[in-house]
Amino acid sequence: MRLQVIGDPVLHSLSPRIHSAMLAELGLDVPYTAHVVKKGGLPEYLAWAKENGITGFNATMPHKEDLLPLLDELGEDAGRFGAVNTVCLRGGKWIGHNTDGAGCLAALDEAGMWPAKKIVVLGAGGAAKAIALKLASFGAERVWVCNRTLAKAERLCTLPNMTAAVFDPDTLKRLCAEADLVVNGTNLGMEGQGQFPDFGFLEALREGAGVFDAIYHPAETELLKRAKERGMKACNGLPMLIHQAIFALEYFLDRPLDHERMAEVIKSVL
Ligand code: NAP
């Protein structure tokens with residue numbers, strides 16, 4: 001058994017550290033390494049991987065969508081999101097999964113923010129898409145997806161309980177007044193990526209509402225800091241990152257793992 005994470009860039013990825021720590025904890029002598037695969041290089045990589053004993057790999061940019069037509073089967077979430085982050089070799093077939101949505105759901109549950117009925121998702125990129133579609137298909141009554149580029153939000157809203165909206169202060173305030181959870185899936189709040197021009201939407205949220213930020217670096221974004229100051233439940237993206245990795249290893253090993261124990265192991269190496 002041999003595992004990898006592929007992407008470009010990929011050498012900064014935390015996945016080798018995270019997965020190696022879990023594999024060591026489980027007493028498994030399985031190498032997990034980062035491997036640069038350039039855009040367009042997937043067919044060659046898949047052939048090489050089979051010949052070289054790679055039994056599973058995680059995928060990051062720019063491959064999450066490009067993998068879809070190249071795999072033999074897709075799990076439910078991978079098919080629904082149109083993106084793959086975990087691929088396993090089973091009986092000579094490549095099976096693609098996506099663990100981002102399940103990772104977010106587990107993080108929300110742990111933080112006491114799930115179940116939520118009315119959810120505002122900010123952003124319509126890869127992270128926001130997985131989160132919005134997972135929550136909309138897993139019991140949310142209404143998910144509003146607010147994005148700077150409205151057309152991207154419209155393309156994402158494929159379920160009847162999803163609505164696309166623009167990303168402007170008045171719209172955010174109006175929708176947040178109805179919501180019990182707001183999720184930041186934009187880059188706003190990451191170092192060098194800009195900041196929310198207006199936090200008025202936080203004031204509009206109901207008492208007891210939750211704020212989830214997919215960003216994990218910095219650990220406390222301005223959004224989370226302000227949410228905490230207002231006495232709201234607040235959670236960063238680290239638990240999502242941790243749970244999506246545990247779900248991925250469950251696919252690789254084809255067995256359930258103790259999430260609490262694995263999360264402790266991961267936290268000890270980050
Ligand atoms: P992405 O696909 O590039 O999407 C970025 C999103 O942010 C888009 O919706 C984009 O809007 C929006 N955005 C960027 N700059 C903006 C601005 N100045 N004003 C308003 N909207 C802006 O990125 P991604 O992969 O989804 O990642 C998004 C965030 O999630 C990152 O911070 C990443 O670290 C985090 N993330 C966390 C996890 C985890 O496990 N915790 C996993 C994946 C990602 P447009 O569509 O208009 O460009």
Side-chain angles (χ1 to χ4, degrees), residues 5 7-10 12-15 17-19 58-66 77-78 81-86 97-111 113 120-135 143-157 162 164-169 171-172 182-201 211-224 234-249 259 263 266-267 270:
V5 55
D8 184 29
V10 74
H12 68 288
S13 168
L14 292 173
S15 295
R17 205 191 300 176
I18 289 175
H19 282 270
N58 289 117
T60 183
M61 62 181 285
H63 303 309
K64 286 182 163 189
E65 292 168 6
D66 294 355
D77 277 359
F81 306 165
V84 164
N85 72 348
T86 302
H97 299 280
N98 192 310
T99 63
D100 281 338
C104 178
L105 200 56
L108 290 174
D109 200 23
E110 213 168 65
M113 296 187 198
V120 173
V121 175
L122 309 175
K129 186 178 189 183
I131 295 170
L133 285 166
K134 186 71 183 179
L135 303 188
V143 176
W144 291 283
V145 178
C146 304
N147 197 43
R148 179 176 62 177
T149 311
L150 179 62
K152 247 166 93 178
E154 285 170 341
R155 279 199 297 276
L156 193 165
C157 291
M162 301 178 88
V166 290
F167 185 89
D168 72 47
T171 305
L172 297 191
V182 59
V183 174
N184 178 32
T186 73
N187 297 328
L188 295 174
M190 276 176 84
E191 219 175 270
Q193 297 286 316
Q195 190 50 269
F196 287 95
D198 185 327
F199 284 95
F201 63 90
V211 178
F212 180 85
D213 199 330
I215 295 172
Y216 48 85
H217 189 72
E220 187 177 79
T221 56
E222 186 64 25
L223 175 67
L224 291 184
C235 179
N236 72 12
L238 188 63
M240 172 177 166
L241 179 80
I242 288 173
H243 284 289
Q244 65 78 24
I246 303 171
F247 284 123
L249 191 58
H259 276 239
I266 295 171
K267 282 182 205 155
L270 290 181

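One-based numbering, in listed order, for ligands and for the atoms of each. All values below come from the heavy atoms of this structure, side chains included, with hydrogens, waters and symmetry mates left out.
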Based purely on interatomic distance, does Ala124 place a nitrogen or oxygen under 3.5 Å from a nitrogen or oxygen of ligand 1? yes

Nearest 0.5 Å, what's the CG-CD distance between Asp213 and Glu222? 11.0 Å

Does even one non-hydrogen atom of Asp100 get within less than 4.0 Å of ligand 1? no

Within a distance under 4.0 Å of any heavy atom of Gly123, pick out the atoms of ligand 1 and give their elements. 9 (O)

Would you give the length of the straight line joining atom NE2 of His243 to atom CD of Glu110, rounded to the nearest 0.5 angstrom? 3.5 Å

Measuring from Asp109:CG to Cys104:SG, what's the distance to the nearest 0.5 Å? 11.0 Å

So is there a nitrogen or oxygen of Leu238 less than 3.5 Å from a nitrogen or oxygen in ligand 1? no

Out of Leu188, Asn147, Thr186, who gets a non-hydrogen atom closest to atom 10 (C) of ligand 1? Asn147

Atoms in ligand 1 with a heavy atom of Gly126 nearer than 4.0 Å: 2 (O), 26 (O)

May I ask you to decide if Ala153's main-chain N or O and Asn147's side chain share a donor-acceptor pair within less than 3.5 Å? no

So which heavy atom in the protein is nearest atom 38 (C) of ligand 1, and how far is it from that ligand atom? Ala214 O, 3.9 Å

Interatomic distance, Phe201 atom CZ to Thr171 atom OG1 [nearest 0.5 angstrom]: 12.5 Å

Shortest protein contact, atom 24 (P) of ligand 1 (heavy atom only): Ala127 N, 3.9 Å

Geometric N/O contact Gly237 with ligand 1, under 3.5 angstrom: yes

Below 3.5 Å, N or O to N or O, backbone or side chain included: is there any such pair between Tyr216 and ligand 1? no

Is the closest N or O pair between Met190 and ligand 1 shorter than 3.5 Å? no

State, yes or no, whether a side-chain contact exists between Phe196 and Leu122 at a heavy-atom distance under 4.5 Å. yes

Below 3.5 angstrom, do we get any N/O pair linking Thr149 and ligand 1? yes

Nitrogen or oxygen atoms of Arg148 and ligand 1 under 3.5 Å apart: yes

Protein residue, atom and distance nearest to atom 3 (O) of ligand 1, heavy-atom basis: Asn187 ND2, 4.3 Å

Examine Gln193 against ligand 1 and note whether any of their N/O atoms are separated by less than 3.5 Å. no

Using only atom types and a distance under 3.5 Å, with no angle test, would you say the side chain of Lys129 pairs donor to acceptor with the backbone of Phe81? yes

Which of the ligand 1 atoms, numbered from 1, are nearer than 4.0 Å to a heavy atom of Lys152: 45 (P), 46 (O), 48 (O)

I need the nearest protein heavy-atom contact for atom 42 (C) of ligand 1: residue, atom name and distance, please. Met240 CE, 4.1 Å

Is it the case that ligand 1 has an N or O less than 3.5 angstrom from some N or O of Ala128? no

Residue Gln193 excluded, over 12 heavy atoms near CD under 6.0 Å: yes

May I ask whether Gly185 has any heavy atom positioned less than 4.0 angstrom from an atom of ligand 1? yes

Side chains of His97 and Phe247: closer than 4.5 Å at any heavy-atom pair? no

Option passing side chain to side chain contact (heavy atoms under 4.5 Å, CB included) with Ile266 (candidates Leu241, Leu238, Leu14, Ile18): Ile18

Starting from atom 1 (P) of ligand 1, which protein heavy atom do you reach first, and at what distance in Å? Gly125 CA, 4.0 Å

Enter the distance from Tyr216:OH to Leu270:CG here, rounded to the nearest 0.5 Å. 9.0 Å

Just wondering, do Leu223 and Ile215 contact through their side chains at under 4.5 Å, heavy atoms? no

I need the single residue from Asp100, Asn85, Asn58 that forms a side chain to side chain donor-acceptor pair (under 3.5 Å) with Lys64. Which is it? Asp100

Which ligand 1 atoms does Ile215 reach within 4.0 Å, using its non-hydrogen atoms? 32 (O)

